[in-house]
Number of protein chains: 2
Amino acid sequence: MYIVQCTSYVVLVKGLETDFMPPNKPATPDPARTLSLLWRHTLSPLRTRGPRPSLTVDRVVEAAITIADEQGLDAVTMRSVAQAVGASPMSVYTYVPGGKTELLDLMIDVVYLRAERPDQGGLGWRERVLSVADQNRAIYAAHPWLIHASTSRPPLGPGVITKYEYELSAFDGLGLSDVEVDAALTFVLGFVQANALRAADAAALPEATAMTDAAWWEAQAELLGRVVDPTKFPRATRIGEAAGAAQGGAYQADAAYRFGMDRVLDGLGQLVERQKKV
Amino acid sequence: MYIVQCTSYVVLVKGLETDFMPPNKPATPDPARTLSLLWRHTLSPLRTRGPRPSLTVDRVVEAAITIADEQGLDAVTMRSVAQAVGASPMSVYTYVPGGKTELLDLMIDVVYLRAERPDQGGLGWRERVLSVADQNRAIYAAHPWLIHASTSRPPLGPGVITKYEYELSAFDGLGLSDVEVDAALTFVLGFVQANALRAADAAALPEATAMTDAAWWEAQAELLGRVVDPTKFPRATRIGEAAGAAQGGAYQADAAYRFGMDRVLDGLGQLVERQKKV
DNA sequence: AACAACGATGTACATTGTACAGTGTACGTC
DNA sequence: GACGTACACTGTACAATGTACATCGTTGTT
């Protein structure tokens, strides 16, 4: 048994010199089981014998999301989730056999499934795309931990797929090819994510470092003045001071979002125009 | 002594219920010391007594960068860095008193300081901005760990400032205000970072999960077919299949970069045009 | 020669994900 | 009604992390 695990892991990290079993890595990954969980299938051929389960996948996922929202992703540990649902740490693995990785996949899909998706009939494409961006921004604001979730190989559950379908529809009727529509959506969502990332850690830093933005800038400015020759870095000193000192992190992220979305929409607009002329 | 640390930490995380000293957090943060280190100042009033230092800040930072480049940021531990320079784990703190956080700041600045910055005289603004983007992309390709570094409150060392000055100069002569120039640069770099992020974890996933992109897609497609009603998600099934199955992760990131940069430059172009007319 | 300042090191602790072995429960079959 | 089997649950254990603290050793100054 142990041999099997070790062997499979050696395959997993081929090229590694050491052969010990590292901690905190893979549990038992299995795409099929994860998919079944995402769609809440009772893949087991009907459970009969044994004690009745005292929890459900949903309750576990719910607890994890609450913890992540309130205290950040780092606070989501198997132990904290277990405590939140009133079970022992290892019990969680009964409901989420894939461990923490699988749990995160489930969390992501649930959040997306719940998001609001207002009807966009009658809106122009710019309003539709802006609305999609705003919705994603709102999701990130409510669940900052989502920003750090990888977007390649997303958990293909009902939430993710519903969201994808809805967002693709914003590009209906523009004469773009399938590949272009996907690229355009990726482009928009990439911008929103990058902006949310900046906003989130700008918001987190004051607490994490026990220092306000203003205090940090003041300290840097005073010390940099003695070290840096302003004539060697004219743009950096002038623009950096203007961009940094004046505005707090939160306001800055807001301005960057509006500025960026204007550029994004203008950029897409040119693609659309070009396509219409063909 | 211990009291002082604890007290300062209570201030640090005011609002937290518990009062224990958590692990792996702050070492001794001090903006002034970090800045001195970044600029390699001998802030101490001339070291005289005591054994000669056997290492330098640069050697430590160098080792850390090498490890990060070759094995990823997770492999950069105080212990692995110490081993690489042939010292005991705790010795590292002699040269980088701020611990891992400060070490990361130093790594970032060194990488930026070394980056190539070719002369851009004679180029049009589109070429200049594209070149800036390409350079950042190349840096991320060579040092994927940089992607995860926070960009708010960057380490204001010689590398970061030189890079900032250089990149701002790409927007010279366009008639944009200081605030607009900073916003435009942030916009461009944000796109590059978002793209690099996707590319990096698309590249990392096959190794990390012992599963090729093709195998993953095949597994998902087969199972999803039984669960999802294609008529309910027409766009998602059609476009998702086209966008996902056909291309591997690496090629996809490349295409997304070219597509995105075209939109970014078009978007900025409209801003520039508008400014010229005024 | 004694002292003071500073570099180096070993030990210790709290925290993480999860493998493994063991304990108890409830249903189906005899 | 007794029994066995499948399953839920739990406690223990381990390797790895950042870094506080106390100690030891080395060097130049007094």
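Each chain gets a letter, A, B and so on, in the order its sequence line appears, and its residues count up from 1.
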>> One pair to check against side chain to side chain contact (heavy atoms under 4.5 Å, CB included): Val61(A) and Ile65(A). What are the steps and the verdict?
In response: CA-CA 6 Å; Val61(A) 174; Ile65(A) 292 176; 3.9 Å; yes
> At under 4.0 Å between heavy atoms, what does Thr77(B) touch on the DNA or RNA strands: base, sugar-phosphate, or nothing?
Replying inline: sugar-phosphate
>> Could you check whether Thr94(A) and Ser91(A), counting side-chain N and O atoms only, form a donor-acceptor pair closer than 3.5 Å?
In response: no
> Just how far, in rounded Å, is C1' of dC9(D) from CZ of Arg59(A)?
Replying inline: 15 Å
>> Without decimals, in angstroms, what is the distance between Gln83(B) CD and dA8(C) C1'?
In response: 17 Å
>> Tell me the interatomic distance from Met90(A), atom CE, to dC14(D), atom P, rounded to whole angstroms.
In response: 15 Å
>> Between Asp58(A) and Arg40(A), does any side-chain N to carboxylate O distance fall below 4.0 Å?
In response: yes
>> If the cut-off is 4.0 Å, is Ser54(A) near the phosphate of dA8(D), judged by side-chain N/O to OP1 or OP2?
In response: no
> Between atom CG in Leu55(A) and atom C1' in dC7(D), what is the gap in whole Å?
Replying inline: 15 Å
>> Could you walk me through whether Ile139(B) and Tyr112(B) satisfy the side chain to side chain contact (heavy atoms under 4.5 Å, CB included) test, starting with their C-alpha distance in whole Å, then the side-chain angles of each, then the deciding distance to 0.1 Å, before giving a yes or no?
In response: CA-CA 8 Å; Ile139(B) 295 177; Tyr112(B) 284 153; 4.2 Å; yes
>> Minimum heavy-atom separation for Leu38(A) and Leu156(A), please, with both atom names.
In response: CD1-N, 3.9 Å
> Hey, which of these two, Arg79(A) or Ser88(A), hits DNA chain D nearer its 5' end, going by closest nucleotide?
Replying inline: Ser88(A)
>> Minimum heavy-atom separation for Thr34(B) and Glu102(B), please, with both atom names.
In response: OG1-OE2, 2.6 Å
> Met78(A) or Ala87(B): which one's nearest nucleotide on DNA chain C is closer to the 5' end?
Replying inline: Ala87(B)
>> Over all strands shown, is Val76(B) touching base, sugar-phosphate only, or nothing at heavy-atom distances under 4.0 angstrom?
In response: sugar-phosphate
> What is the distance from CG of Leu104(A) to C1' of dT16(C), rounded to the nearest Å?
Replying inline: 16 Å
> Where along nucleotides 25-30 of chain C does protein come under 4.0 Å, by heavy atom, of base (B) or sugar-phosphate alone (S), with - for untouched nucleotides?
Replying inline: BBB---
> Is the distance from OP1 or OP2 of dA8(C) to the nearest side-chain N or O of Ser91(B) less than 4.0 Å?
Replying inline: no
> Quick one: is Tyr95(A) getting a side-chain N or O under 4.0 Å of the dA8(D) phosphate, OP1 or OP2?
Replying inline: no
>> Using side chain to side chain contact (heavy atoms under 4.5 Å, CB included), reason through Leu104(A) and Trp145(A) one step at a time and then give a plain yes or no.
In response: CA-CA 10 Å; Leu104(A) 190 62; Trp145(A) 48 274; 4.3 Å; yes
> Contact class for Val81(A) (heavy atom, under 4.0 Å): base, sugar-phosphate, or nothing?
Replying inline: nothing
> Taking OH from Tyr93(A) and C1' from dC9(D), how many angstroms apart are they, rounded to a whole number?
Replying inline: 15 Å
